[in-house]
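Reading through the structure tokens given below for one structure.
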Amino acid sequence: ASPSSPQGPELHGWRPPVDCVRANELCAAESNCSSRYRTLRQCLAGRDRNTMLANKECQAALEVLQESPLYDCRCKRGMKKELQCLQIYWSIHLGLNEGEEFYEASPYEPVTARLSDIFRLASIFSGTGADPAVSAKSNQCLDAAKACNLNDNCKKLRSSYISICNREISPTERCNRRKCHKALRQFFDRVPGEYTYRMLFCSCQDQACAERRRQTILPSCSYEDKEKPNCLDLRSLCRTDHLCRSRLADFHANCRASYRTLTGCPTDNYQACLGSYAGMIGFDITPNYVDSSPTGIVVSPWCSCRGSGNMEEECEKFLRDFTENPCLRNAIQAFGNGTDVNLSPQNPSFQATQAPRVEKTPSLPDDLSDSTSLGTSVITTCTSVQEEGLKANNSKELSMCFTELTTSIIPGSKRVVKPNSGP
Amino acid sequence: MPLLYVHALQDVPEEVPSFRLGQHLYGAYRTRLHENDWVRIQEDTGLLYLNRSLDHSSWEKLSIRNGGFPLLTVYLQVFLSPASLRESECQWPGCARVYFSIINASFPACGALKPRDLCFPEMGLSFRIRENRPPGTFHQFRLLPVQFLCPNVSAAYRLLGGESLPFRCAVDSLEVSTRWALDREKREKYELVATCTVRVGAREEEVMVPFPVTVYDEDDSAPSFLGGVDTTSAVVEFKRKEGTVVATLRVFDADVVPASGELLRRYTSTLLSGDAWALQTFRVEHSPNETLAQANGSFVRATVHDYRLVLNRSLPISESRAVQLAVLVNDSDFQGPGEGVILLHFNVSVLPVSLRLPSTYSFAASRRARRFAQIGKVCVENCQEFSGIHVQYKLQLSSANCSALGMVTSAEDTTGTLFVNDTEALQRPECAQLQYTVVAVERPTRRQAQAPLLVTLEGTYVAEEPGCPLSCAVSKRRPECEECGGLGSPTGRCEWRQGDGKGITRNFSTCSPSIKTCPDGHCDAVESRDANICPQDCLRGGSIIGGHEPGERRGIKAGFGICNCFPEEKKCFCEPEDSRGPLCDELCR
Amino acid sequence: ARPGIRPCGLRELEVRVSELGLGYASDETVLFRYCAGACEAAARVYDLGLRRLRQRRRVRRERVRAQPCCRPTAYEDEVSFLDTHSRYHTVHELSARECACV
Amino acid sequence: ARPGIRPCGLRELEVRVSELGLGYASDETVLFRYCAGACEAAARVYDLGLRRLRQRRRVRRERVRAQPCCRPTAYEDEVSFLDTHSRYHTVHELSARECACV
């Protein structure tokens with residue numbers, strides 16, 4: 001399942017996605033679908049999921065559900081019954097996807113709003129009319145706090161999470177972290193991005209400003225802990241909670257570095273990335289600035305790669321998606337500088353997001369990619385990774401990217417036959 | 001057309017790999033897209049080749065089903081028989097994925113391709129090989145499709161790194177192999193460099209790319225004693241509270257598997273002792289930490305396991321015994337040779353604690369002292385060291401009718417505090433010396449210690465100023481503070497503490513019954529008996545108006561300017577010094 | 001609170017109706033309850049802040065009260081009496097029934 | 001109310017926390033709401049009577065208020081801010097939420 005496919009006529013069973021609560025209602029109203037969905041849930045509830053999913057009934061259930069609206073239903077951030085929607089989504093997708101993936105599809109509908117909408121509203125809301133570029137010299141983070149304090153809703157919710165997160169329980173218990181996280185989630189869910197982004201992503205010229213930015217989420221309660229868990233353990237913990245799992249998947253979908261776009265972001269949409277970053281605050285995976293250096297923007301969840309065993313590379317890759325992510329960094333800087341990327345009109349119908357596998361752009365001369373002649377399927381050779389031995393290694397994935405003229409070869413021969421020479 | 005070779009390293013020399021393809025092509029997020037009608041594999045050599053062209057309509061169908069991404073990325077699964085893994089159970093090391101990114105464009109002229117693309121895969125090379133495996137081939141440099149589609153291109157490869165390294169590249173087959181079994185505990189990362197000299201017509205160029213190899217760990221190292229220490233001794237005397245760490249021993253393991261998520265479950269520790277009492281009294285706490293160990297001039301990751309022997313219950317002071325305990329540490333994943341088991345030894349002496357009070361106590365007190373004035377502290381020997389030992393202090397009256405004092409026990413530091421409990425006796429001239437016996441009793445053993453206690457009353461009694469508040473804390477200026485007494489004042493007069501005036505500070509100005517004990521950020525056992533004694537330390541559930549920092553659970557930790565309190569209303573105020581003028585001038589009539 | 005200044009509370013006074021200065025000519029005596037006393041312990045951060053802002057002339061020159069007032073929070077409904085011309089009168093909310101620092 | 005003196009009501013002022021004189025070293029700006037204005041129309045018979053009795057010295061020399069005050073009748077719960085030492089503080093009931101003549 002993957003984000004929305006190109007609009008236009010129903011091509012090969014494609015239909016506009018509905019939210020999963022609605023899809024569930026549609027399915028429940030249709031006996032065949034509802035019985036299969038019940039079957040799938042039983043298949044997933046079984047102790048050994050893979051064995052269960054392999055049996056005929058479960059397979060049949062999956063086949064039917066792939067044709068139902070449940071197959072590509074989505075959810076919206078902040079919608080009513082968001083959690084219920086996500087629970088339905090994951091109940092389907094844990095069945096469809098066999099096992100854990102490094103990147104999971106985001107259950108949320110792609111964000112179409114852009115940062116520039118936020119800049120306009122930010123100056124209106126804050127009543128300061130301050131053009132972000134003008135206030136670059138002043139302490140943006142302090143201005144953001146002022147804008148919030150002058151708005152009753154923002155002030156109330158900000159004060160609420162601060163007083164909860166700042167309340168010491170006992171000499172040994174710094175605060176009530178669960179309540180703090182809940183209050184933070186409410187703040188970021190209920191206060192418009194025009195206020196929350198300004199406090200979270202303000203750009204700084206000095207350390208005091210950067211420290212204020214780092215302190216926005218009261219890290220001593222919501223973020224830091226006595227010890228740093230292993231990042232993969234933290235990810236597993238997050239994935240046991242549907243909401244956290246969804247926010248992490250959404251972050252990966254919107255912020256994962258892509259080498260094939262102008263901004264480094266999968267859909268060139270900084271707003272989508274910043275929104276999904278903020279969406280993780282108040283969960284186990286809460287990210288924050290790692291220090292108060294004004295310009296070096298490095299954010300990370302509270303975890304390390306110690307104790308990864310053989311998964312150290314996967315752990316470091318997970319961590320780099322935060323600490324060395326050009327898309328996220330560009331998005332934060334763009335917001336801080338009050339700029340948004342202006343894109344020349346793309347093929348508007350083609351809104352599909354980036355494929356999950358991050359592939360460097362194959363070094364094809366640009367013109368070649370347009371000269372397609374029908375009937376010839378072309379696969380360009382662009383990579384052959386880890387073609388190493390299978391058994392002894394962790395060659396979980398061998399990656400090849402092919403450009404290949406149509407031809408035929410003789411199986412079993414070591415010799416390679418010239419193209420078009422026939423068998 | 002040949003695509004690539006899938007290689008398989010053996011677990012044991014006699015193994016012969018046989019390759020099988022999964023039925024389906026998968027798309028983004030592991031969704032099943034289509035039957036695999038296009039790619040085949042040679043069962044014996046592992047050569048993947050394109051058996052049927054992927055025409056445009058198939059490409060479009062796959063692309064639509066895959067979410068319509070501009071770049072169609074699909075993968076298929078290669079299984080190594082005889083492992084009978086199902087399609088949905090593609091797990092390393094018995095199964096691997098081969099990703100294809102299929103671009104809807106025609107193949108460029110060979111001359112147009114950059115040398116880098118003619119030589120190496122665009123994503124770069126990176127290998128992970130498990131240690132302790134027989135040597136074998138794990139890569140071959142030639143890009144088969146390039147070789148197939150650009151026969152005029154010749155490429156020669158070399159692996160730079162010197163003879164000492166465990167890898168070799170065969171000049172003819174360009175196959176890269178390990179020369180001997182790798183040992184992660186010696187080295188876990190190799191940063192080699194591969195070079196390719198490519199000739200296209202007259203043009204020749206050399207390209208270099210990194211060739212990193214990570215060695216995967218196996219549990220092939222048994223646990224050992226860190227620094228050779230397998231035994232430690234410890235004494236339990238004054239610290240007898242449940243949770244007290246009695247002793248720690250550390251175990252070193254050269255491995256880093258199993259990883260943190262599984263380690264606690266698979267690396268077990270069992271407390272052994274012939275003494276049932278010991279098994280109930282102690283428990284073991286295990287905390288593993290990754291560390292770096294030196295190996296051949298570089299560092300590799302390893303693990304240090306801390307085993308802490310901890311009191312599982314509080315011990316009465318009468319308990320006295322010597323016990324020997326062992327902790328059986330079992331690295332259950334260790335594959336041998338031999339057992340991954342070691343034994344840690346803890347020799348613990350539990351000493352009894354006897355209660356001893358000084359031979360005699362004598363204190364002086366003013367006849368003007370107000371109720372709850374603190375006269376002095378009593379404490380059995382080493383009481384400051386105690387934890388988990390509950391001593392209760394009582395006062396027994398020796399002299400007949402001059403009962404003025406009381407005793408209260410402070411749990412935190414196991415001391416007793418002598419205080420004025422009834423001021424009436426202080427006024428009677430006949431009560432000049434108060435004789436008591438202080439008794440210290442330990443619960444649950446009921447063991448006791450006693451000592452005579454003499455309090456000499458000094459000065460003359462003075463009646464309380466009319467109109468003075470019950471609590472010193474109410475006054476917010478020095479004059480009104482020092483002209484009144486208040487509960488808890490030993491001299492009968494409150495004391496003004498002049499603060500440092502530096503913003504919100506612990507050293508705020510305030511009126512106190514006794515600056516020695518209040519405010520000190522701690523609501524002690526006497527102060528907590530009446531809210532009027534020291535609200536600055538003890539206010540709870542009320543409100544503090546003005547610049548302040550609340551105490552941990554009660555009281556004022558820091559205040560701005562002058563802090564005064566109204567205990568009845570459960571309110572304190574902290575206001576700057578200069579705002580002591582009338583709260584309201586004529587403007588606000 | 002210094003000696004003599006009692007906290008805000010209800011006080012009582014027996015007064016002749018004519019002493020109230022309401023213009024009724026009546027010799028009857030009524031019980032007049034009113035609120036009096038200090039409100040020191042009732043101040044809030046609001047009062048501290050307002051007082052400081054007023055001291056710094058940040059607050060416009062308006063009627064501003066930077067301290068709680070001891071005022072009635074409930075009144076007695078009514079009291080009736082006969083005047084010297086043998087005519088009855090009823091007066092509403094003459095006496096306080098409850099007081100508080102507001 | 002004579003021209004220029006507005007009736008009792010809520011006023012707003014943007015102030016820096018440090019201006020409130022509470023001792024917090026913070027550059028943040030908050031919205032301070034306070035009550036100001038005249039309460040002429042809110043007087044009761046009680047006020048008239050009390051004023052007269054005080055003029056006649058019939059009321060003991062205590063803090064007595066013979067006129068309604070323009071005071072908050074509800075306060076905003078709390079406002080929080082970060083100080084210059086990167087520590088958060090929460091202040092309760094700083095701003096008025098509703099005003100009335102009491």
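Proteins get letters first, then strands, A, B, ... in listed order; numbering begins at 1 in each. Since this is a predicted model, take the numbers as computed values, not measurements.
Atom-to-atom distance recorded for A:Asp152:CG and D:Ser95:OG is 9.0 Å, nearest 0.5 angstrom. The distance from atom CG of D:Asp27 to atom SG of A:Cys141, rounded to the nearest 0.5 Å, is 12.0 Å.
By the 6.0 Å contact criterion, CD on A:Glu227 is open, its count of non-hydrogen atoms from other residues, nucleotides or ligands being 12 or less. Counted within 6.0 Å of NZ on A:Lys228, heavy atoms from surrounding residues, nucleotides or ligands total more than 12; the atom is thus considered enclosed.
Counting heavy-atom pairs closer than 4.5 Å to chain A, the top residue among D:Val30, D:Leu31, D:Leu82 is D:Leu82. Considering only heavy-atom pairs separated by less than 4.5 Å from chain D, the leading option among A:Arg158, A:Arg214, A:Glu211 is A:Arg158. Contact count against chain A (heavy-atom pairs under 4.5 Å) is highest for D:Arg33 among D:Glu12, D:Arg33, D:Arg16.
Within residues 83-92 of chain D, the residues having any heavy atom under 4.5 Å from a heavy atom of chain A are, by residue number, D:Ser86, D:Tyr88, D:His89, D:Thr90. Of residues 161-171 of chain A, those residues with a non-hydrogen atom less than 4.5 Å from any non-hydrogen atom of chain D are, in numerical order, A:Ile162, A:Ser163, A:Asn166.
Taking the charged nitrogens against the carboxylate oxygens, D:Glu78 and A:Lys155 have no contact shorter than 4.0 Å, which rules out a salt bridge.
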### Message
Apply side-chain contact (heavy atoms from CB on, under 4.5 Å) to residues D:Glu14 and A:Lys146 and explain how you reach the verdict.
### Response
CA-CA 9 Å; D:Glu14 284 181 21; A:Lys146 172 177 180 178; 3.3 Å; yes

